[in-house]
There are 2 protein chains.
Amino acid sequence: MKNTISEVPARQRRKEARPAELLAAALDLFVERGFAATKLDDVAAHAGVSKGTLYLYFASKEELFKAVIQQGILPVLDQGDEMLSQFDGDAGALLETLLKRFWELVGSTHLAGIPKLMISEAGNFPEVAQYYYENVILRGRGLIRAVLERGIASGQFRAVDVDSAIDVILAPQMMLLILRYSLTPCNCGKQDPETYLRTHIDLLLNGLLVAEKKK
Amino acid sequence: MKNTISEVPARQRRKEARPAELLAAALDLFVERGFAATKLDDVAAHAGVSKGTLYLYFASKEELFKAVIQQGILPVLDQGDEMLSQFDGDAGALLETLLKRFWELVGSTHLAGIPKLMISEAGNFPEVAQYYYENVILRGRGLIRAVLERGIASGQFRAVDVDSAIDVILAPQMMLLILRYSLTPCNCGKQDPETYLRTHIDLLLNGLLVAEKKK
DNA sequence: ATTACATTACTGACCGGTCAGTCATTAATT
DNA sequence: AATTAATGACTGACCGGTCAGTAATGTAAT
């Protein structure tokens, strides 16, 4: 006769579901507490298994870290690539759409914590940092570069220095994410991202100076 | 007769010099390895003393952290205040001067590592984060706010949303510092800061769009 | 000068808590 | 009965923090 209260056995065997559940738990905790401060016991508990089980699926804490980064961030960049190839408006509108979409996809998820996580831990995990640089940063910069070059070629944008402009454009986006997951006493990121994003795009396209251009 | 090889005794008593030397060592190591990953044994060794001595001057690792932040960053903000009160050019020139001077004072020092350090550790040390927010972030934002308001009042700047504009302006500066001390495989921050800074100020003042303004 | 005593900056072995990683055992599935 | 997913007690390294002891310096009496 089964237990009449609960049909869930104490121990379940769910080989297929474990890795994804462990990755989700790890993302949550890494993003919330940082990598070093997160205990694998807690990750396992969060995923409803014991620490031993975690080690059945991931060889070490660092491997788990790598897997979290990979699985979390690559789909977002795939979306970006797709948008770029399909969009057919002018470059200014494309830039605006891209930045807004990025915020929708990442800003509202726990994925938003990944940039801060990488910045914090890159120094101590060069292998992960290398992967992140090649597969996330370079691809992200590539997206913005394509937009800038399209805009400059069409005459819509001024012929700014593309390489540094990319960084200048991405920085406010990154900082907004970073501040969300750090310096919580700071309200910097608290005012609605709408306004922030609008100001960013407005400044970016129009600059700070009034009507007649000098320089 | 003294030792002819070396006049340095094995053990020295230098009560006055210790704190500053320990703070310098701690800044170096915290910035290089992160707070959690830095061992107090190493900090002490770097300063040429034993761990016990460190505890004569600082009550705990966290107190040492706070002292490093305070001692490192406050003088820079004092300089900023002074510049603001003395400068008498137009707001655009003031903004440019302020950003460039900031880079000179901080970008070339180990102080440049402090923003990344704070971002990484703020979550685990709320007391330090609170201090940093009140005494560094708010003061820094105050400087930029003053410049923006001066420029808008004089009619030189467009009437942008000041609060979010502050963040948009500061973000590229911060990101440049952050990338210097993180993601070292990434060359993002490697190209000379000159170009980066010039692009930032140029974009900030003039925007991305060509001559005739829309909107 | 030299000796004796007092003060205190400094040391480093040690302790206790923590946590990544292991493995003998248990129990679900085939 | 055999296989293997899952467990959780255990280990050993690590490190923040402590403290009994050591040696450098000061001071005063001889």
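We name chains A, B, ... by the order of the sequence lines, and we start the count at 1 in each one. Computed from a predicted model, the values in this text were never measured in an experiment.
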To the nearest Å, how far apart are [X] [atom1] and [N] [atom2]?
X: D41(B); N: dC14(C); atom1: CG; atom2: C1'; result: 12 Å
X: L64(A); N: dA20(C); atom1: CG; atom2: P; result: 11 Å
X: L29(A); N: dA20(C); atom1: CG; atom2: P; result: 12 Å
X: R13(A); N: dT29(C); atom1: CZ; atom2: P; result: 7 Å
X: K15(B); N: dG26(D); atom1: NZ; atom2: P; result: 14 Å
X: Q12(B); N: dT25(D); atom1: CD; atom2: C1'; result: 13 Å
X: L54(B); N: dG16(D); atom1: CG; atom2: P; result: 10 Å
X: K61(B); N: dC14(D); atom1: NZ; atom2: P; result: 15 Å

May I ask you to verify if any side-chain N or O of [X] is less than 4.0 angstrom from the OP1 or OP2 atom of [N]?
X: R18(A); N: dA6(D); result: yes
X: Y55(B); N: dC10(C); result: no
X: T53(B); N: dC10(C); result: no

Query raised in the report: Has the side chain of K51(A) got a donor or acceptor atom sitting under 3.5 Å from an opposite partner on the base of dG21(C)?
Result: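 For K51(A), whose side chain was compared with the base of dG21(C), there is a donor-acceptor pair (under 3.5 Å).
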
Query raised in the report: dA24(D) base to R11(B) side chain: any donor-acceptor pair below 3.5 Å?
Result: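 Looking at the base of dA24(D), it does not pair with any donor or acceptor on the side chain of R11(B) (distance under 3.5 Å).
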
Query - Six-ring centre of F35(A), K61(A) cation under 6.0 angstrom, axis tolerance 45° - result: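 Output yes; distance and angle both within limits.
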
**Report entry** Pair R139(A) + E134(A), salt bridge at N-O below 4.0 Å
**Finding:**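 Not counted as a salt bridge, because no side-chain N and carboxylate O are separated by less than 4.0 Å.
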
Query raised in the report: Without hydrogens or angle criteria, can the side chains of S164(A) and D161(A) be said to hold a donor-acceptor pair below 3.5 Å?
Result: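 Yes, because at least one side-chain N or O of S164(A) sits under 3.5 Å from a partner of the opposite role on D161(A).
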
Query raised in the report: Between dG17(D), dA20(C), dT11(C), which nucleotide gets closest to the side-chain atoms of L40(A)?
Result: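 Of dG17(D), dA20(C), dT11(C), dA20(C) is nearest to the side chain of L40(A).
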
Query raised in the report: Toward the 5' end of DNA chain D, which comes first, G52(A) or A36(B), by nearest nucleotide?
Result: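 Nearest-nucleotide comparison on DNA chain D picks G52(A).
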
Query raised in the report: When we call it a touch if two heavy atoms are under 4.0 Å apart, what does L56(B) touch: a base, just sugar-phosphate, or nothing?
Result: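 Base: the residue L56(B), judged by heavy atoms under 4.0 Å, touches a nucleobase.
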
Requested in this report: Pick base, sugar-phosphate or nothing for F58(A), based on heavy-atom distances below 4.0 Å to the nucleic acid.
Outcome: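 No contact.
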
Requested in this report: Grab the two heavy atoms, one from L94(A) and one from V147(A), that are nearest each other, plus how far apart they are.
Outcome: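 The answer is CD2-CG2, 3.8 Å.
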
Query - Contact summary for L54(B) and A44(B), nearest pair of heavy atoms - result: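 The pair with the smallest heavy-atom distance is CD1-N, 4.3 Å.
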
